Q: 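So that we are looking at the same thing, I have put the structure below in structure tokens.
Keep in mind that this is a model prediction, so the values were computed, not measured.
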Amino acid sequence: MRTRVRGWRWRRNPLRRRSDVVEAWTVLVVAVLLFVVVPLVGVAAGLHAHGQARTLAAVQRTERHQVRATVMGDPPERRTVTQADRENPYRAQVRWTEPGKGARTTWARVPAGTRIGDVVSVWLDSRGRGVAPPPDDAAVWQHAVTVGLCAAGGAAGVVVLGHAVERRIALRHRLAEWEREWARTGPRWTQPRM
């Protein structure tokens with residue numbers, strides 16, 4: 001039967017070594033880092049990424065505009081159009097009319113299954129080139145959460161790796177300490193008794 005004594009590394013006793021105290025403190029520091037600092041790093045990184053992504057989305061909303069255009073050229077041929085294909089857009093030639101500028105033509109992304117003559121909504125930049133739509137609020141939050149989780153995971157990985165390195169160093173020191181102790185006590189135990 002084995003008895004566990006909680007907190008034995010913190011109490012004063014003759015069996016406690018210096019390495020035990022160091023290990024107890026490092027476990028405490030690692031716990032604080034993992035449960036307090038790592039989440040704060042994730043939140044800070046996520047909030048920073050959210051601010052940058054929101055600014056970028058606002059800039060893209062001012063630079064891009066949506067128009068209703070008629071498909072002029074066929075997108076690449078597909079034998080059968082599945083549900084997954086409907087979600088993946090193709091590039092096709094589209095035509096739209098701008099007030100005061102007349103009819104314009106460009107290549108833009110159109111939904112799969114679109115035919116010549118269909119009217120679609122396309123996003124254009126200031127030069128009239130077809131571009132992706134600006135990110136919406138859900139995309140901004142998704143980016144912020146992803147960055148926050150990655151930052152927290154990276155920080156946790158650094159903490160755990162640092163703890164593993166510290167444990168390895170502490171083990172070497174503990175073994176060296178035991179060797180020194182045995183060098184002092186060993187001769188008394190190994191001498192023949194008369």
Side-chain angles (χ1 to χ4, degrees), residues 22-71 73 75-76 78 80-99 101 104-115 118-170:
V22 170
E23 186 176 356
W25 278 106
T26 56
V27 166
L28 180 67
V29 168
V30 166
V32 168
L33 288 174
L34 284 177
F35 295 114
V36 177
V37 175
V38 166
L40 290 176
V41 166
V43 168
L47 289 175
H48 181 70
H50 182 266
Q52 284 186 331
R54 215 170 69 195
T55 303
L56 179 64
V59 167
Q60 287 183 356
R61 276 192 285 275
T62 60
E63 292 174 348
R64 300 174 181 187
H65 61 282
Q66 187 178 20
V67 296
R68 301 286 292 165
T70 306
V71 177
R78 289 264 175 134
T80 58
V81 178
T82 63
Q83 181 63 30
D85 290 336
R86 292 189 198 288
E87 296 170 1
N88 296 325
Y90 295 104
R91 292 187 61 78
Q93 193 171 20
V94 295
R95 177 186 217 151
W96 76 99
T97 305
E98 283 190 22
K101 293 186 181 177
R104 297 188 64 189
T105 306
T106 192
W107 287 88
R109 293 180 180 270
V110 298
T114 305
R115 293 183 168 51
D118 288 351
V119 177
V120 295
S121 294
V122 294
W123 284 89
L124 305 169
D125 63 3
S126 58
R127 295 182 185 170
R129 295 179 301 190
V131 292
D136 58 354
D137 286 340
V140 169
W141 276 107
Q142 182 182 15
H143 173 72
V145 168
T146 302
V147 168
L149 287 174
C150 289
V158 167
V159 169
V160 169
L161 181 66
H163 182 62
V165 168
E166 182 278 329
R167 293 276 305 208
R168 187 166 182 109
I169 292 170

Q: Of the non-hydrogen atoms in Arg109 and Val122, which two are nearest, and what is the gap between them?
A: O-CG1, 3.8 Å

Q: Among all residues two or more places apart in sequence or in another chain, which pass the side chain to side chain contact (heavy atoms under 4.5 Å, CB included) test with Gln66?
A: Ser121, Trp123

Q: Restricting to non-hydrogen atoms, name the atom on Ala152 and the atom on Val38 that form the minimum distance, rounded to 0.1 Å.
A: O-CG1, 3.3 Å

Q: Kindly write out the residues that satisfy side chain to side chain donor-acceptor pair (under 3.5 Å) with Asp118, not counting sequence neighbours, or none if the list is empty.
A: none

Q: Please list, chain by chain and in numerical order, all residues satisfying side chain to side chain contact (heavy atoms under 4.5 Å, CB included) with Val30, sequence neighbours excluded.
A: Leu34, Val159, His163

Q: Once side chain to side chain contact (heavy atoms under 4.5 Å, CB included) is applied, do any residues pair with Arg127, and if so which ones, sequence neighbours excluded?
A: Asp125, Arg129

Q: With sequence neighbours left out, what residues match Val158 under side chain to side chain contact (heavy atoms under 4.5 Å, CB included)?
A: none

Q: Between Val110 and Ala92, what is the shortest heavy-atom contact and its length?
A: CG2-CB, 3.7 Å

Q: So which atom in Glu166 and which in Val22 form the shortest heavy-atom distance, rounded to 0.1 Å?
A: OE2-CG1, 4.1 Å

Q: Is there side-chain contact between Trp96 and Leu124, with at least one heavy-atom pair below 4.5 Å?
A: yes

Q: Let me have the donor-acceptor pairs involving side chains of residues 41-61, under 3.5 Å, with sequence neighbours excluded, atom names and distances please.
A:
residue : atom : partner : partner atom : Å
His48   : NE2  : Gln52   : NE2          : 3.4
Thr55   : OG1  : Gly51   : O            : 2.8
Arg61   : NH1  : Pro135  : O            : 3.2

Q: Got a sec, which pairs hit ring pair (Phe, Tyr, Trp, His ring centres under 6.0 Å) with one end in residues 28-47, sequence neighbours left out?
A: none

Q: Sequence neighbours left out, what passes side chain to side chain donor-acceptor pair (under 3.5 Å) with Arg104? Give chain and number order.
A: Glu98

Q: Can you list, pair by pair, the side-chain donor-acceptor contacts under 3.5 Å of residues 144-151, counting residues two or more places apart and other chains?
A:
residue : atom : partner : partner atom : Å
Thr146  : OG1  : Gln142  : O            : 2.8

Q: Arg64 side chain to Ala132 main-chain N or O, any donor-acceptor pair under 3.5 Å?
A: yes

